[in-house]
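Comments concern the structure below.
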Amino acid sequence: MLIGTVNNRAFLIRTAGGQVRGLDIAQTSQERFSSQTTKLLDDWALLHEWARSLDFEGAGARTVEAYELEAPIVSPRQVFAIGMNYKDHAAEVNLELPTTPAVFTKYVSSLTGAVDTVELPSESVDWEVELVAVIGIGGRDIPESAALEHVAGYMVGQDLSDRALQFAGGGAPQFSVAKSYKGFAPTGPWITSSDEIADPGNLTMRCSRGDEVLQHGSTSNLVFDIPYLIHHLSSIVLLYPGDLIFTGTPDGVGFGRSPQRYLLPGDELVSSIEGLGEIRQRFVPRS
């Protein structure tokens with residue numbers, strides 16, 4: 001099951017032959033289900049059962065263009081992000097592997113959809129393709145053995161980062177604000193329900209700029225896998241349905257290169273993860 005957001009309304013999505021088709025969930029279900037994706041999480045199993053029998057060639061279905069796809073979860077209560085969570089990424093920036101997850105937050109106002117134009121606030125904006133987990137069932141003290149049962153689905157994400165601001169604090173790096181400019185948390189193109197993904201711990205991921213592949217990795221390289229992250233976070237805070245977890249990035253970021261390289265006006269970044277689709281951002285100078 002694929003759930004996207006179009007015009008601030010939840011759409012059931014189907015893809016075939018390179019075409020994306022969508023049905024407005026609230027309209028098609030005659031208001032049985034909500035028009036808001038976060039509220040759908042309460043009826044996720046029922047929605048899944050209902051969605052199986054729908055005819056995408058009948059009345060109500062329409063073509064959905066990539067630029068129409070907004071952030072699938074528009075207003076999560078919490079957005080967590082995990083730093084240094086890939087072994088090869090830690091190596092490229094010459095840091096030891098963490099012994100506990102390095103957690104920060106990306107502010108909700110930085111969320112944007114699958115295709116967008118992002119303003120560059122500095123000459124030091126970096127890319128980080130990430131697997132994003134969407135919490136479907138919240139709770140505290142969730143055991144690792146049951147953690148994946150709390151995941152509604154997965155998305156492609158970019159943890160865009162202004163490295164100049166990130167390290168402007170000297171001994172106190174400013175991760176959250178440096179990663180939360182407008183458009184710095186693109187997600188999508190839709191939520192792929194967890195039953196569609198056999199193993200979230202073994203997905204190929206890729207980030208390209210034009211014809212140049214910047215990152216090519218796998219979630220098998222995670223330091224802390226998704227079950228452990230959910231267990232760890234829920235041992236500290238209450239997780240809510242709709243919360244997002246940006247799970248970290250593989251090697252190939254601009255900050256880890258020699259010389260360092262960053263995004264330029266006119267660049268287009270394409271980020272994809274196996275089975276989840278792709279998102280695209282075009283970058284322009286800050287007005």
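- Gly22 approaches Phe11 most closely through the heavy-atom pair C-CD2, 3.8 Å.
- When all heavy atoms are compared, the tightest approach of Gln281 to Pro186 is NE2-CB, 3.3 Å.
- Between Ala10 and Ser34, the shortest heavy-atom contact is CB-O, 4.4 Å.
- Annotation: the span from Leu263 atom CG to Glu123 atom CD amounts to 12.0 Å, rounded to 0.5 Å.
- The closest side-chain heavy-atom distance from Val129 to Leu269 is not below 4.5 Å.
- Side-chain atoms of Asp195 and His48, non-hydrogen and from C-beta on, do get closer than 4.5 Å to each other.
- Residues Thr219 and Thr247 form no side-chain contact, since every pair of their non-hydrogen atoms from C-beta on lies 4.5 Å or further apart.
- Below 30°, between 30° and 60°, or above 60°: for Trp50 and Phe33 the angle between ring planes is between 30° and 60°, a tilted geometry.
- Put simply, CD on Glu144 and OG on Ser235 are 10.5 Å apart, with the number rounded to the nearest 0.5 Å.
- Closest approach of Gln174 to Ala168, counting heavy atoms only: NE2-CB, 3.9 Å.
- By the 4.5 Å heavy-atom criterion applied to side chains, Glu68 and Val20 are not counted as neighbours.
- Annotation: the span from Thr37 atom OG1 to Arg9 atom CZ amounts to 10.5 Å, rounded to 0.5 Å.
- A donor-acceptor pair under 3.5 Å is absent between the side-chain atoms of Asp88 and the main chain of Pro250, judged by distance alone.
- The only option from Thr105, Asp159, Asp126 that meets the side chain to side chain donor-acceptor pair (under 3.5 Å) definition with Lys179 turns out to be Asp159.
- Pro101 has its side chain within reach of Tyr228: a pair of non-hydrogen atoms, C-beta onward, lies under 4.5 Å apart.
- In this structure the side chain of Val64 reaches within 4.5 angstrom of the side chain of Leu69, judged on heavy atoms.
- Inter-residue side-chain proximity for Gln215 and Asp251 is flagged as unmet; no heavy-atom pair is nearer than 4.5 Å.
- Nearest heavy atoms, Ser110 versus Tyr181: CB-O, 3.3 Å.
- Counting non-hydrogen atoms of neighbouring residues, nucleotides and ligands closer than 6.0 angstrom, the CD atom of Gln30 reaches no more than 12 such neighbours.
- The only member of Phe80, Tyr107, Phe104 that meets ring-ring contact (aromatic ring centres under 6.0 Å, His included) when paired with Phe175 is Phe104.
- Atom CD of Glu268 sits about 9.5 Å away from atom CZ of Phe283, to the nearest 0.5 Å.
- Annotation for Tyr240 and Ile135: closest pair O-CG2, 3.5 Å, computed over non-hydrogen atoms.
- Thr249 places none of its side-chain heavy atoms less than 4.5 Å from the side chain of Cys207.
- With values rounded to the nearest 0.5 angstrom, Tyr67 atom OH is found 15.5 Å from Arg280 atom CZ.
- Ion pairing of Glu49 with Arg32 is absent here, as no side-chain N (NZ or NE/NH1/NH2) approaches a carboxylate O to less than 4.0 Å.
- Under 4.0 Å is where a charged nitrogen must lie from a carboxylate oxygen, and between Lys106 and Glu130 no such pair does.
- A donor-acceptor contact shorter than 3.5 Å is absent between the side chain of Thr112 and the backbone of Gly183.
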